[in-house]
Amino acid sequence: MSIGLTEQEKVRRVTLKRLIDLGINPYPAELFPINTNSKEIKEGYKEAENNFQEVVVAGRFMSKRIMGKASFAEIQDAYGKIQIYINRDEICTGEDKTMYNDVFKKYLDIGDIVGVKGKVFKTQVGEISVHATELILLTKSLRPLPIVKTDSDGKTHDAFTDPEQRYRQRYTDLIVNPHVKEAFIKRTKLTNSMRQFLNHKGYLEVETPILQPIYGGAAARPFKTHHNTLDMTLYLRIANELYLKKLIVGGFDGVYEFAKDFRNEGMSRFHNPEFTQMELYVAYKDYYWMMDLVEEMVEKIALDIHGKTEVQVRKNTINFQRPWKRYTMYEAIEHFTGVDISEMNEAELRITAEKLEVPIDETMGRGKLIDEIFGEKCEPLLIQPTFITDYPVEMSPLAKKHRSKEGLVERFEAVCNGKEICNAFTELNDPIDQRARFEEQLELGKRGDDEAMILDEDFLRAIEIGMPPTSGLGIGIDRLAMIMTNSNSIQDVLFFPQMRPEKKAIEMSDSEKTIFEVLKKEGNLEIADLKEKAGLSGKQWDKGLKGLTKLGLTKVEVNGDTKTICLK
RNA sequence: GACUCGUUAGCUCAGCUGGUAGAGCACGUCCCUUUUAAGGAUGGGGUCCUGGGUUCGAACCCCAGACGAGUCACCA
């Protein structure tokens with residue numbers, strides 16, 4: 001058998017061959033006509049009615065309990081598990097008992113996908129089961145699955161928990177860890193609920209470019225790529241804000257997009273290089289209006305997913321019921337630190353930050369200092385959903401200046417469970433001001449801020465043509481999904497989180513290669529001769545030769561006193 | 001990027017002071033007609049993450065590295 005397979009994998013390949021020899025196709029092409037599933041059966045079966053008497057189900061073999069001529073097995077389909085009862089003389093009506101004795105008992109393994117025809121009944125122990133009349137192999141599994149068992153006390157044994165393996169082999173994770181599937185179903189409910197809400201309001205779902213010649217709409221480092229035909233640099237979008245605003249200029253009065261965005265930055269349990277945001281732009285609205293919309297929408301999402309507005313996240317019960325608390329940033333800082341910073345200049349802020357033990361540095365301006373104090377002293381304490389409004393102008397080059405407060409913009413974030421979940425503005429539509437703000441960003445860029453925004457002439461042209469007063473929103477779908485599914489890490493709400501590449505499978509080690517090369521060049525050699533020619537240390541020599549023998553590449557021929565190493 | 005912890009059978013994990021690598025489940029063979037973490041008997045299965053070092057001898061001690069997790073830093 002092939003090198004590198006485990007014993008269990010070899011056994012399964014032998015089994016596969018036996019099945020083929022028996023004329024059973026382990027990978028049949030034709031459709032399998034299932035007419036129900038585990039959930040329907042468990043919920044709908046009534047002993048008195050004697051219903052579900054001709055069922056056809058299919059799923060993955062998850063356990064097998066053989067007791068002589070009768071057996072129980074469990075199959076798992078998309079909705080859960082159901083027990084199958086198999087009796088030898090019913091599966092094999094004639095004299096030939098191969099189907100039961102060999103195929104079922106020996107050749108069907110945990111992990112195989114099978115179809116079952118039969119009738120539903122309740123066992124003596126009271127478990128609703130399918131009494132099989134026919135068993136059909138639909139797919140042979142060649143790799144053993146981790147076996148997770150739950151005992152009568154509900155205690156789980158041998159759970160498949162290693163995060164690395166779970167993320168790298170999400171398919172396995174999904175098979176053996178039912179709660180994982182639940183979390184992803186909730187995530188999809190979330191986006192469905194949001195989409196339904198926005199469609200109901202009459203907004204248009206759109207798609208905008210992911211490959212962009214100029215990246216913009218946020219402050220972040222991008223991924224860079226190259227288009228061969230046009231011979232130009234393209235960037236994976238870090239946001240889609242500017243494109244959506246161009247559509248508002250074009251005359252749509254409400255557009256939204258569920259957007260995969262890409263940021264070439266650090267990874268953590270809150271950050272993945274690609275993540276999903278929903279951005280929404282609505283004409284003739286301002287940020288107050290948008291706050292109402294966010295409250296309404298997120299409350300609905302919680303209701304759609306959980307049937308109530310309260311969501312348990314670790315130790316905290318978060319209640320999304322409207323209305324949410326609203327603080328201006330100044331109010332929030334005063335509330336949590338007792339310090340009123342609204343009238344402070346940069347020097348005073350610096351002193352305040354130091355008093356509050358907020359880490360700061362020389363390069364920080366007034367806006368950044370305020371943001372640092374907020375981020376350090378307020379944000380982590382905001383567990384219940386809370387709107388924070390009116391941010392310093394320096395940090396928001398795309399937001400409109402506040403209608404009445406000097407130095408601030410009309411911007412809000414919703415903070416929940418100590419983390420930002422959305423960001424919204426009354427959008428800046430004054431082209432003169434917008435150009436000036438971009439130019440300030442250019443200055444920052446020249447001073448070394450590699451996340452400063454780039455001036456986008458096409459966007460400015462659009463704004464000059466005229467964008468109606470508009471309110472815009474960006475809401476982090478992954479972060480919201482983490483809260484709605486009580487997940488501690490973004491990796492738990494992404495099917496395939498980004499990971500370092502897996503280590504390559506076994507190849508020849510250096511010492512093995514050295515010996516192998518000598519043998520290839522010189523032909524078969526006597527053992528001492530080979531050792532000398534290889535020129536390896538004792539340890540390496542021993543390891544290398546043993547390794548080669550194990551890989552099945554060499555063998556030792558003994559002839560009297562001389563031992564010769566041969567290539568196979 | 002810093003610190004801490006981890007990496008041993010297909011899975012979950014033990015492995016004492018450095019002395020021939022273990023358990024449960026899974027797998028192979030055998031027994032058993034309503035069981036359920038089914039049971040009983042028996043057997044096979046290992047690059048102890050990788051590479052160096054110390055040692056008569058390393059899963060274990062030392063050094064370097066890989067991968068992962070957590071905390072912090074960074075992150076509009």
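In the text below, chain A, chain B and the rest are named by the order of the sequence lines, each starting its count at 1.
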Exercise. Does the pair A/K155/A/D151 count as a salt bridge with the N-to-O cut at 4.0 Å?
Worked result: no

Seminar exercise, completed: Smallest heavy-atom separation, A/E427 atom then A/F425 atom, equals OE1-CD1, 3.3 Å

Exercise. For A/N272 and B/rC75, what is the distance between atoms CG and C1' respectively, to the nearest whole Å?
Worked result: 14 Å

Exercise. Are A/R168 and A/E164 ion-paired here, with the side-chain N under 4.0 Å from a carboxylate O?
Worked result: yes

For this session: Between A/T6 and A/Q83, name the one whose nearest nucleotide on RNA chain B is closer to the 5' end.
Result: A/T6

Exercise. Rounding to the closest angstrom, what is the interatomic distance between B/rC3 and B/rG65 at atom P?
Worked result: 11 Å

Exercise. What nucleotide, of B/rA76, B/rA37, B/rU33, holds the atom closest to the side chain of A/D151?
Worked result: B/rA37

For this session: Could you check which nucleotide pairs with B/rA2 in any of the strands shown, counting Watson-Crick or G-U wobble with both distances under 3.5 Å?
Result: B/rU71

Exercise. Is any NZ, NE, NH1 or NH2 atom of the basic residue among A/D109 and A/K140 found under 4.0 Å from an Asp or Glu carboxylate oxygen of the other?
Worked result: yes

Problem set entry | G-U wobble or Watson-Crick pairing nucleotide for B/rU35 (cut-off 3.5 Å, both distances) | none

Exercise. Hey, does A/T123 reach any base, or is it just sugar-phosphate, or nothing, if we go heavy atoms under 4.0 Å?
Worked result: base

Seminar exercise, completed: Re B/rG22: Watson-Crick or G-U wobble partner, both distances kept under 3.5 Å, found to be B/rC13

Exercise. With a 4.5 Å limit on heavy-atom distance, are the side chains of A/I84 and A/S129 in contact?
Worked result: no

For this session: For A/E413, report the nucleic acid contact type (base, sugar-phosphate, nothing); a contact means any heavy atom under 4.0 Å.
Result: sugar-phosphate

Problem set entry | Atom-pair distance (CG on A/D492; C1' on B/rA69), nearest Å | 12 Å

Exercise. So do the side chains of A/I373 and A/I333 get within less than 4.5 Å of each other, counting heavy atoms only?
Worked result: yes

Exercise. Side chains of A/I66 and A/F104: closer than 4.5 Å at any heavy-atom pair?
Worked result: yes

For this session: Return no unless some side-chain N or O of A/R168 is found under 4.0 Å from OP1 or OP2 of B/rG68.
Result: yes

Exercise. Do A/D390 and A/Y287 have side-chain atoms, one donor and one acceptor, less than 3.5 Å apart?
Worked result: yes

Pairs under 3.5 Å (N/O, protein and nucleotides 1-8 of chain B):
none

For this session: Scan every strand shown for a Watson-Crick or G-U wobble partner of B/rG65, both distances under 3.5 Å, and answer none if you come up empty.
Result: B/rC49

Problem set entry | Side chain proximity check, A/F61 to A/Q76, heavy atoms < 4.5 angstrom | no

Problem set entry | Members of residues 391-401 of chain A that approach RNA chain B, where some heavy atom sits under 4.0 Å away | A/M395, A/P397

Exercise. With a non-hydrogen cut-off below 4.0 angstrom, is A/F270 in contact with a base, only sugar-phosphate, or nothing?
Worked result: nothing

Exercise. Expressed in whole Å, how much space separates the P atoms belonging to B/rC62 and B/rU4?
Worked result: 13 Å

For this session: Given side chain to side chain donor-acceptor pair (under 3.5 Å), test A/Q83 with A/R65 step by step and report yes or no.
Result: CA-CA 11 Å; A/Q83 181 168 268; A/R65 295 184 286 277; 2.6 Å; yes

For this session: Using atom CG of A/D261 as one end and atom C1' of B/rA76 as the other, report the distance to the nearest whole Å.
Result: 14 Å

Exercise. Using the C1' atom in both, what is the distance from B/rG44 to B/rA9, to the nearest Å?
Worked result: 11 Å

Exercise. When rounded to the nearest Å, what value does the distance between C1' atoms of B/rC61 and B/rG19 take?
Worked result: 15 Å

Problem set entry | Atom-to-atom span, CD of A/E9 to P of B/rG10 - whole angstrom | 8 Å

For this session: Provide the Watson-Crick or G-U wobble partner of B/rC27, both distances under 3.5 Å; none if there is no partner.
Result: B/rG43

For this session: Do nucleotides 20-29 of chain B as a string where each nucleotide becomes B, S or -: B if the base has a protein heavy atom under 4.0 Å, S if just the sugar-phosphate does, - if no protein is that close.
Result: ----BSBSSS

Exercise. Within the pair A/R65 and B/rA38, is there a side-chain N or O less than 4.0 Å away from OP1 or OP2?
Worked result: yes

Problem set entry | Minimum-distance nucleotide to A/F160 side chain [options: B/rC32, B/rU35, B/rU12] | B/rU12

Problem set entry | Near-ring test A/F412/A/Y391, centroid separation under 6.0 angstrom | no

Exercise. Checking all strands, does A/E90 fall into the base, sugar-phosphate, or nothing category for heavy-atom contacts under 4.0 angstrom?
Worked result: nothing

For this session: Find the distance A/N101:CG to B/rU33:P and express it as a whole number of Å.
Result: 12 Å

For this session: May I ask you to say what A/R269 touches in the nucleic acid, namely base, sugar-phosphate or nothing, with a heavy-atom cut-off under 4.0 Å?
Result: sugar-phosphate

Exercise. Should we count CZ of A/F121 as having more than 12 external heavy atoms under 6.0 Å?
Worked result: yes

For this session: Rounded off to whole Å, could you give me the CD1-to-C1' distance for the A/I84 and B/rU34 pair?
Result: 14 Å

Problem set entry | Rounded distance in Å - CZ (A/R88) to P (B/rU33) | 9 Å

Exercise. For RNA chain B, whose closest nucleotide is more 5', that of A/S63 or that of A/S129?
Worked result: A/S129

Exercise. Quantified in whole Å, what is the P atom distance between nucleotide B/rG45 and nucleotide B/rA23?
Worked result: 13 Å

Exercise. Roughly how far apart, to the nearest Å, are B/rC27 and B/rG22 at atom P?
Worked result: 23 Å

For this session: Using the C1' atom on both, measure B/rU7 against B/rG46 and round to a whole Å.
Result: 15 Å

For this session: Classify the nucleic acid contact of A/N87 as base, sugar-phosphate or nothing, counting any heavy atom under 4.0 Å across all strands shown.
Result: base

For this session: Can you tell me, in whole Å, how much space there is between the C1' of B/rU55 and that of B/rA14?
Result: 26 Å

Exercise. Using a cut-off of 4.0 Å on non-hydrogen atoms, how would the nucleic acid contact of A/A218 be classed: base, sugar-phosphate, or nothing?
Worked result: nothing

Problem set entry | Test: A/E9 and A/R143 ion pair at under 4.0 Å | yes

Exercise. If you check the A/Y167 side chain, which of B/rC32, B/rC75, B/rA69 turns out closest?
Worked result: B/rA69

Exercise. A/Q124 near the nucleic acid: base, sugar-phosphate alone, or nothing, with a heavy-atom cut-off under 4.0 Å?
Worked result: base

Exercise. Taking the six-membered ring for Trp, are A/F72 and A/Y85 parallel (under 30°), tilted (30 to 60°) or perpendicular (over 60°)?
Worked result: tilted

For this session: Determine the contact category for A/E420: base if any of its heavy atoms lies under 4.0 Å from a base atom, sugar-phosphate if only primed atoms, P, OP1 or OP2 are that close, otherwise nothing.
Result: sugar-phosphate

For this session: Search all heavy atoms of A/S38 against all heavy atoms of A/I82 and return the closest pair with its distance.
Result: CB-CB, 3.9 Å

Exercise. Over how many whole Å does the gap from A/Y100 atom OH to B/rC32 atom P extend?
Worked result: 11 Å

